[in-house]
Amino acid sequence: MTLPRVLSIAGTDPTGGAGIHADLKSFAAAGAYGMAVVTALVAQNTQGVRSIHTPPVSFLQEQLDCVKDDVLIDAIKIGMLGSVAITETVSEFVSSLPDGVPVVCDPVMIASSGDRLLEPAAERAVQELARRATVVTPNLPELAVLADVEEPRTLEEAIAVASEWAATNGTWVVVKGGHLNGKHADNATVSPDGHVTRVPCPRVETKNTHGTGCSLSSALAARLAAGDTLDAALQWATEWIHEAIAHADELHVGKGHGPIDHGHRMRRLALSE
């Protein structure tokens with residue numbers, strides 16, 4: 001059986017917790033063959049970002065063309081973009097794909113500190129790209145930017161905002177509860193026709209959650225490529241990432257906010273055989 005072939009378009013993380021490094025681990029954990037096109041080279045670790053180097057957009061286009069000319073792409077996950085030119089290039093690439101290829105857009109717009117990462121023009125370009133995606137997976141601050149509203153304070157408020165945005169733009173939304181407080185970190189799918197499926201998830205008390213958002217989005221893309229419905233894909237991805245977070249402290253990677261354990265489920269299943 002051919003493994004689903006999933007492409008990540010995102011930035012890097014030298015310590016392996018986020019960006020394309022986390023995406024490739026997530027694809028493998030979810031049963032897919034992972035590929036990656038780099039939008040930006042990020043000098044970062046578990047304690048923060050030091051600098052960003054952005055290669056020419058022409059080189060980004062060459063990377064995209066090389067993959068498309070040679071490999072059948074079963075799904076795409078889009079992460080860090082950073083500029084209008086990069087976003088427009090990726091948007092044109094998405095438009096050139098055959099109908100039916102799932103596109104998961106994780107709109108990287110707000111840092112964990114709450115700082116806006118993009119200039120207004122780039123935010124507008126990402127908003128337009130999000131409308132072309134199959135599903136968008138914003139955190140709550142990013143959902144507020146997409147919908148141009150105040151940041152939701154509860155999962156119910158977030159679902160209401162996502163429902164209106166999905167209906168207006170014809171794109172599914174995955175609402176993530178990880179930024180909220182409380183004993184639960186539930187997620188939910190929201191369809192353009194207003195259907196909502198909530199996936200329960202207990203919260204794990206740990207500081208080591210670096211890369212959680214992009215990893216969830218990547219696992220989602222891999223499961224969609226395998227033929228899962230969005231509801232089934234989110235159920236799988238939520239259960240997997242809960243296990244990865246639950247065992248993050250055991251990795252002992254870095255001095256700051258460490259990564260999650262992408263491979264824990266695979267190792268557990270291998271040991272049970």
Side-chain angles (χ1 to χ4, degrees), residues 3-4 6-8 10-36 38 42-49 75 77-80 104 106 108 111-113 137-139 174-187 199-226 228 232-273:
L3 292 178
V6 188
L7 174 64
S8 166
T12 66
D13 178 0
T15 53
I20 61 171
H21 299 75
D23 293 345
L24 292 172
K25 295 174 188 178
S26 303
F27 294 156
Y33 176 81
M35 304 171 286
V38 179
V42 185
Q44 65 172 309
N45 57 27
T46 65
Q47 300 180 71
V49 174
K77 181 276 175 90
I78 301 170
M80 177 183 180
V104 178
D106 189 32
V108 181
S112 57
S113 62
T137 61
N139 59 32
V174 166
V175 176
K176 300 180 291 188
H179 274 71
L180 298 170
N181 297 318
K183 296 181 179 180
H184 302 281
D186 296 359
N187 299 317
V199 180
C201 182
R203 185 176 301 278
V204 177
E205 294 302 329
T206 177
K207 71 172 184 176
N208 296 317
T209 57
H210 180 53
T212 302
C214 57
S215 298
L216 178 71
S217 301
S218 299
L220 200 71
R223 297 311 308 168
L224 290 174
D228 285 1
L234 183 61
Q235 181 73 45
W236 191 98
T238 298
E239 292 175 358
W240 165 75
I241 207 155
H242 175 265
E243 180 173 344
I245 296 172
H247 294 275
D249 293 355
E250 300 164 17
L251 289 177
H252 304 291
V253 174
K255 302 173 184 177
H257 295 279
I260 63 175
D261 188 351
H262 298 84
H264 190 275
R265 178 181 181 274
M266 288 192 295
R267 297 195 305 275
R268 173 175 58 79
L269 293 177
L271 289 171
S272 67
E273 292 180 353

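The analysis underlying the following values was restricted to heavy atoms, covering all of them including side chains, and did not include hydrogens, waters or symmetry mates. Numbers for residues simply follow the sequence, beginning at 1.
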So do the side chains of Val253 and His210 get within less than 4.5 Å of each other, counting heavy atoms only? no

Regarding Lys77 and Ser218, do their side chains bring together a donor and an acceptor under 3.5 Å, going by distance alone? yes

Is there a donor-acceptor contact under 3.5 Å from the side chain of His257 to the main chain of Lys207? yes

Taking every non-hydrogen atom, the tightest pair across Gly17 and His262: O-CE1, 4.1 Å

Any side-chain heavy-atom pair from Leu216 and Asn187 closer than 4.5 angstrom? yes

Distance in Å, His264 NE2 paired with Leu269 CG, rounded so as to fall on 0.5 Å steps: 10.0 Å

Report yes or no: does Arg223 contribute a side-chain atom to a donor-acceptor pair with the main-chain N or O of Gln235 at less than 3.5 Å? no

Separation between CG of Leu224 and CH2 of Trp236, rounded to the nearest 0.5 Å: 12.0 Å

Any side-chain donor-acceptor pair under 3.5 Å between Thr15 and Asn45? no

State, to 0.1 Å, how close Leu220 and Ala233 come at their nearest heavy-atom pair, and which atoms those are. CD1-C, 3.7 Å

Just by modelled atom types, is the Thr12 backbone N or O under 3.5 Å from a matching donor or acceptor in the Gln44 side chain? yes

Does His242 reach the side chain of Pro202, with side-chain heavy atoms less than 4.5 Å apart? yes

I need the minimum non-hydrogen distance between Leu24 and Gly34, along with the two atoms involved. CD2-C, 3.6 Å

Minimum heavy-atom distance Asp23-Ala10, with the two atoms named: OD2-CB, 3.9 Å

Backbone N or O of Cys201 within a donor-acceptor pair of the Asp186 side chain at under 3.5 Å? yes

Decide yes or no for Leu251 and Asn208: does some side-chain heavy atom of the first lie under 4.5 Å from some side-chain heavy atom of the second? no

Which atoms form the tightest heavy-atom contact between Ser215 and Ile241, and what is the distance? CB-CD1, 4.0 Å

N/O donor-acceptor pair under 3.5 Å between Lys255 side chain and Thr46 backbone: no

Supply the atom-to-atom distance Glu243 CD to Arg268 CZ, rounded to the nearest 0.5 angstrom. 4.0 Å

Counting distance only, does the side-chain N/O of Lys176 pair as donor-acceptor with the main-chain N or O of Thr137 below 3.5 Å? yes

Which pair of non-hydrogen atoms, one from Ala222 and one from Ala32, has the smallest distance, and what is that distance? CB-CB, 3.8 Å

Arg265 side-chain N/O to Ala30 backbone N/O, donor-acceptor pair under 3.5 Å: no

